[in-house]
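Ligands are counted one by one from 1 in listed order, and the atoms in each one are counted from 1 as well. Note that the coordinates shown come from a computational prediction; the quantities given were computed from them, not determined experimentally.
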Amino acid sequence: MTFASDSRLPWWRNAVCYQIYVRSFADGDGDGIGDIAGITSRLDYLEGLNVDALWLTPFYRSPQADHGYDVADYRDVDPLFGTLADFDEMLAGAHDRGLKVIVDLVPNHTSAEHAWFQEALAAGRGSRARDRYKFSDGRGPDGSEPPNNWQSIFGGSAWTRVDDGQWYLHLFDSSQPDLNWDDPEVGDEFESILRFWLDRGVDGFRVDVAHGLFKASGLPDVAGFGPGGETLDATMSQWDRPYWDQPGVHDVYRRWRKVLDSYPGDRMMIGEAWVGSPESMARYVRPDEMHQVFNFHWLSTPFSAPALRQVIDETYAAVGPVGASPTWVLSNHDVVRTVTHYGGGDLGLSRAKASMLTMLALPGSAYVYQGEELGLPQVDVAPEDRQDPTWLRGGGVGRDGCRVPLPWSGSEPPFGFSPGGPGEVRTWLPQPEWFREYTVEHQSRDPYSTLGFLRYAVARRRGLVGGLSGSIEMLERRDDVVAFRRAGVDGAPGLICVVNCGTTDHVVDDLGAPVVLSAALAEGTGQLLPNSAAWFLA
Ligand code: NOJ
């Protein structure tokens, strides 16, 4: 398990990247929705977190049916979030502070309000404009049944019928028509979009639904679905679908890689590629394709030593053969917050901190979702306040609960998220009263708060990472304990990370190594408490 890990390598190989869900990070103009000016006003906070990079979720012109993942104009900022000038100011401020900025690219689908889709609707069947999307005639004598049995990820059929009787494909919401990547104009357009943002100075892209751009030719039925989309074969892998991971995607990323490489600086792209096997994942990060892919295995894993060991092994199995750097993702805007995922309350918080510490000790890059540094639990959003299309289409529990605007200060909503005082502003999702215990202001007073702990952990990591090898050696400990060591390079000390997933204390005295950081060692006893982790110099 060896990966290069020294400070001369490109920044993204060892970065801590903080994900900003723009709607919910900070509101500069007082409308209750986060925006670019809000980010600019909080750059000092971000610098103080000691992270290396920011990833901004989509802020482009959009009707916001999927909160920005439905883009109507890829080259402009939605007025809800500000202007291109606001973006440039934010980017310059981030760069002044040494922070890299990654923006989100949404190539699988546009918004139904995109000029191309409007043109396709108006131009009618058989037109050039319809070639840019996946339009098709329906089945049945009068074409009144969808072209195949594909289901939207957000629930219901993946096909919607238009006035002239044709159907269009949308793997997500009906307001997010899928593009046709077999049409060369689509590829040319996205190259031009990449260049637009690279010219503005962005450091990279997070590529949405990177595994979905191409669909199997002939648009065959999913074998395990019935005609109405009902699952007939429960044993079938959810990744074995004619719309995921088709070979054509790789040429797209090879093309983009050439574009990125032609710009100065280490511009990068990281793919959201949900695929079924380590081998498939590795294909996205071959040396001439993407720089990284999100490794989502960690976020769905229970807090158990065998499970964590398995994730670590599988991650290395995936990226090792192609020499890519691993990534670790504990949460994002699509999943239940970590504290809640791990059982909630003090137990969930202890495990979340331990898991974060483990992720930060591993070689590669860690992606941290906003609010995780505060230990925010999932919010139980009332049905009448829900806004997520997955909830509205009946396709899931909804993702609103991890997207509630951050609590910055004060003791009442909007908790400093918006400039207005209590009662003056309604945030786009209501904040619960109990957020008062979690504000940045509240936690900043206490170095032992979750925020204090993570700031310190990320700072220590930054100090150590340049001197650590990219290899890990798993250490033999109890079955319910995960432990690994990274050797030091060029005379620097190495690092041992021990995670106690068991129910009893674990003796760590025998390591004979000084503690760097712990969450938590029982004072003076050399015992690592259950549901906690610690770092040692070694
Ligand atoms: C993945 C994004 O993370 C999610 O929020 C979005 O709904 C889908 N892609 C569709 O773009």
* To do: Starting from atom 3 (O) of ligand 1, find the nearest protein heavy-atom neighbour and note its residue, name and distance.
  => D334 OD2, 2.5 Å
* Distance from atom 6 (C) of ligand 1 to nearest protein heavy atom, with residue and atom -> D66 OD2, 3.3 Å
* Numbering the atoms of ligand 1 from 1, which are under 4.0 Å from a heavy atom of R403? -> 5 (O)
* What atoms in ligand 1 come closer than 4.0 Å to a heavy atom of R399? -> 4 (C), 5 (O), 6 (C), 7 (O)
* Asked: Under a 4.0 Å heavy-atom limit, does F154 contact ligand 1 with its side chain, its backbone, both, or neither?
  -> side chain
* Using 30° and 60° as the class limits, which term best fits the ring planes of Y253 and Y284: parallel, tilted or perpendicular? -> tilted
* Any donor-acceptor pair under 3.5 Å linking the side chain of E372 with the backbone of S331? -> no
* Restricting to pairs with a member in residues 356-371, which pass salt bridge (charged side-chain N to carboxylate O under 4.0 Å, His left out), not counting sequence neighbours? -> none
* Gap between atom CG of N332 and atom OG1 of T338 - 0.5 Å precision -> 9.5 Å
* When you look for heavy atoms under 4.0 Å from ligand 1, do you find them on the side chain of H333, its backbone, both, or neither? -> side chain
* CG/D261: more than 12 non-hydrogen atoms of other groups inside 6.0 Å -> yes
* Asked: Sequence neighbours excluded, which residues qualify as ring-ring contact (aromatic ring centres under 6.0 Å, His included) partners of F205?
  -> none
* **Charged tip of R130 within 45° of F135 ring normal and under 6.0 Å** => yes
* Close-contact set for ligand 1 against H109 heavy atoms, below 4.0 Å -> 10 (C), 11 (O)
* In the protein, which heavy atom is nearest to atom 1 (C) of ligand 1, and how far is it? -> D208 OD1, 2.9 Å
* Is ligand 1 under 4.0 Å from a heavy atom in the side chain of V209, in the backbone, in both, or in neither? -> side chain
* Asked: Counting only heavy atoms, which portion of Q19 has something under 4.0 Å from ligand 1: side chain, backbone, both, or neither?
  -> neither
